[in-house]
Amino acid sequence: MDLGLSGRTALVTGATRGIGLAIARALAAEGARVVAAARTREDVERVAGEVGGVGVAADLTTEDGCLAAVEACGGQLEVLVNNLGVRAGSSWADTSVPEFESAMAGNLYPAVRLSQLALPAMRQRGWGRIVVVTSVYGREAGGPPAYNVAKAAEISFVKSLAREVARDGVTVNAVAPGSILFEGGSWWRRQQADPEGIAAFVEREIPLGRFGTPEEVARVVAFLCSTQASLVTGACWTVDGAQGRSNI
């Protein structure tokens with residue numbers, strides 16, 4: 001299937017590891033010109049070299065960082081993947097207002113800023129794709145409280161914005177991964193520390209019987225960025241091996 005992404009410029013945030021790196025690779029494989037954005041210059045330059053794109057080192061939790069990322073697209077931004085995500089706190093025992101502020105600043109606010117910066121050019125062209133990588137723990141309760149709230153807010157943002165810009169030819173969707181395993185990631189670290197406990201978690205919580213991979217998430221994101229997904233907007237696609245328990 002031709003996804004219609006050849007020659008299009010795609011900005012991917014948090015693009016140097018895990019899901020973000022897999023998304024950058026998937027879009028580049030479809031012929032997109034990928035602008036990889038993350039905080040560390042060495043990492044973004046490495047990814048840019050791999051995918052034949054552009055790397056921009058920026059703190060995307062700031063307005064200046066978001067502006068720098070969009071400017072690196074050279075006025076050609078057509079696809080925006082908001083993959084940046086941070087956690088703050090782990091339970092109510094260590095979570096209060098500062099943790100909620102940090103979670104929103106590291107998840108929702110960059111997605112809002114970047115989307116608002118990208119939209120004028122997308123609307124002018126009459127075509128654009130925005131995808132926000134949220135979490136199964138935005139669709140339902142679970143995970144650290146502040147992270148849960150921030151990811152739920154992202155899904156609400158996606159629905160609201162999608163309805164606003166649909167007639168401008170811009171689609172806005174969310175992808176909600178479940179537990180994804182990759183070297184250096186949080187599940188990988190937990191697995192290294194407690195292999196038996198993590199094996200029991202997988203058996204108990206993931207009906208598919210295994211963790212997901214970044215590539216499995218990336219393939220769904222690439223489809224949502226494509227011309228083929230022209231009727232899909234305002235949706236939240238779960239990629240979780242049936243881990244989630246939500247009926248919608």
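We count residues from 1, following the sequence as given.
Side chain of Asp194 to backbone of Ile198: no donor-acceptor contact under 3.5 angstrom is found. Counting only distance, with no hydrogens or angles, the side chain of Asp240 and the backbone of Pro177 share no donor-acceptor pair below 3.5 Å. Looking only at distances, no side-chain donor or acceptor of Asp59 sits under 3.5 Å from a matching main-chain atom of Ala38. Listed for the Thr95 side chain is a donor-acceptor partner under 3.5 Å among the backbone atoms of Ser91. Between the side chain of Arg46 and the backbone N or O of Thr16, at least one donor-acceptor pair lies under 3.5 Å. Under the 3.5 Å distance criterion, the side-chain polar atoms of Asp94 are matched with a main-chain donor or acceptor of Ser90. No donor-acceptor pair closer than 3.5 Å links the side chain of Ser156 to the backbone N or O of Ala153. A donor-acceptor contact shorter than 3.5 Å is absent between the side chain of Asn148 and the backbone of Gly143. For Thr13 (side chain) and Leu84 (main-chain N/O), a donor-acceptor pair under 3.5 Å exists by modelled atom type. In this structure, Asn173 contributes its side chain and Val232 its backbone to a donor-acceptor pair below 3.5 Å.
Phe157 places a side-chain heavy atom less than 4.5 Å from the side chain of Ser115. For the pair Val175 and Val132, the minimum side-chain heavy-atom distance is 4.5 Å or more. Arg245 is listed as a side-chain neighbour of Glu205, based on a closest heavy-atom distance under 4.5 Å. Between Val131 and Leu80 the shortest side-chain heavy-atom distance does not fall below 4.5 Å. Side-chain contact between Leu117 and Cys66 is present, with at least one heavy-atom pair separated by less than 4.5 Å. Thr9 places a side-chain heavy atom less than 4.5 Å from the side chain of Val35. Ile23 has its side chain within reach of Ile19: a pair of non-hydrogen atoms, C-beta onward, lies under 4.5 Å apart. Counting heavy atoms from C-beta on, the side chains of Val217 and Trp237 never come closer than 4.5 Å.
Within 6.0 Å of atom CD in Gln192, more than 12 heavy atoms from other residues, nucleotides or ligands are found, so the atom counts as buried in its surroundings. Environment of CZ in Arg204: crowded, with over 12 heavy atoms of neighbouring residues, nucleotides or ligands closer than 6.0 Å. Counted within 6.0 Å of CZ on Arg41, heavy atoms from surrounding residues, nucleotides or ligands total 12 or fewer; the atom is thus considered open.
Taking all atoms of both residues into account, the shortest heavy-atom contact from Gly89 to Pro144 is O-CB, 3.4 Å. Between Gly55 and Ala48, the shortest heavy-atom contact is N-CB, 3.4 Å. Considering all non-hydrogen atoms of both residues, Ala22 and Glu215 come closest at CB-N, 3.9 Å. Of all non-hydrogen atoms in Ala174 and Thr134, the two that sit nearest each other are CB-CG2, 3.9 Å. Here the shortest heavy-atom pairing between Val47 and Ala24 reads CG1-CB, 4.4 Å. Closest heavy-atom contact between Ala57 and Val44: N-CG2, 3.9 Å.
In this pair, Trp187 and Phe201 present their aromatic rings parallel. The plane angle is below 30°, not in the 30 to 60° band.
Using a 4.0 Å cut-off between a side-chain N of Lys or Arg and a carboxylate O of Asp or Glu, Glu216 and Arg210 qualify as a salt bridge.
A side-chain contact (heavy atoms from CB on, under 4.5 Å) with Ile130 is found for one member of Leu224, Thr233, Thr171, Leu119 and no other, namely Leu119. Of the candidates Gln76, Glu30, Glu78, Arg8 forms a side-chain hydrogen bond (donor to acceptor under 3.5 Å, both in side chains) with just one, namely Glu78.
Linking Ile, Leu, Val, Met, Phe, Trp and Tyr residues whenever their side-chain heavy atoms come within less than 4.5 Å leaves Val136 and Tyr147 in two separate clusters. Put simply, Trp92 and Tyr137 are part of two different groups of oily side chains (I, L, V, M, F, W, Y) that touch within less than 4.5 Å, one to the next. Hydrophobic clustering (ILVMFWY, side-chain heavy atoms < 4.5 Å, transitive): Val220 and Val158 are in distinct clusters. By the criterion of side-chain heavy atoms lying less than 4.5 angstrom apart, applied directly or through intervening Ile, Leu, Val, Met, Phe, Trp or Tyr residues, Val54 is not grouped with Val12; the two fall into different hydrophobic clusters. Put simply, Val170 and Ile155 are part of two different groups of oily side chains (I, L, V, M, F, W, Y) that touch within less than 4.5 Å, one to the next.
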Verdict with supporting geometry, Arg129 and Ser230, side chain to side chain contact (heavy atoms under 4.5 Å, CB included): CA-CA 9 Å; Arg129 298 289 186 264; Ser230 53; 4.2 Å; yes
Arg113/Glu63 under salt bridge (charged side-chain N to carboxylate O under 4.0 Å, His left out): CA gap, chis, key distance, verdict: CA-CA 7 Å; Arg113 285 195 184 103; Glu63 185 173 357; 5.0 Å; no
From CA spacing to verdict: side chain to side chain donor-acceptor pair (under 3.5 Å), Gln243, Ser179: CA-CA 8 Å; Gln243 181 179 358; Ser179 298; 3.0 Å; yes
Stepwise salt bridge (charged side-chain N to carboxylate O under 4.0 Å, His left out) check, Arg189 with Glu183: CA-CA 8 Å; Arg189 293 193 300 271; Glu183 186 172 353; over 6 Å; no
Stepwise side chain to side chain contact (heavy atoms under 4.5 Å, CB included) test for Val172 and Val165: CA-CA 8 Å; Val172 188; Val165 301; 3.8 Å; yes
Test log, rule side chain to side chain contact (heavy atoms under 4.5 Å, CB included), inputs Val133 and Val81: CA-CA 7 Å; Val133 179; Val81 181; 4.3 Å; yes
Leu3 and Thr227: CA distance, side-chain angles, deciding distance, side chain to side chain contact (heavy atoms under 4.5 Å, CB included) verdict: CA-CA 6 Å; Leu3 297 186; Thr227 57; 5.8 Å; no
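Rounding to the nearest 0.5 Å places CH2 of Trp127 at 8.0 Å from CE of Met122. Gln116 CD to Leu114 CG: the interatomic distance, rounded to the nearest 0.5 Å, is 10.0 Å. Taking SG of Cys73 as the start and CG of Leu11 as the end, the distance is 4.5 Å to the nearest 0.5 Å. Here the straight-line distance linking atom CG of Leu67 with atom CG of Leu60 works out to 10.5 Å at 0.5 Å rounding. With values rounded to the nearest 0.5 angstrom, Arg25 atom CZ is found 4.0 Å from Glu50 atom CD.
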Residues 96-112 side chain polar contacts: donor-acceptor under 3.5 Å, at least two apart:
unit_1: Glu99; atom_1: OE1; unit_2: Ser96; atom_2: N; d: 2.7
unit_1: Ser102; atom_1: OG; unit_2: Pro98; atom_2: O; d: 3.1
unit_1: Asn107; atom_1: OD1; unit_2: Val86; atom_2: N; d: 3.3
unit_1: Asn107; atom_1: OD1; unit_2: Lys151; atom_2: NZ; d: 3.1
unit_1: Asn107; atom_1: ND2; unit_2: Val86; atom_2: O; d: 2.8
unit_1: Asn107; atom_1: ND2; unit_2: Ala103; atom_2: O; d: 2.7

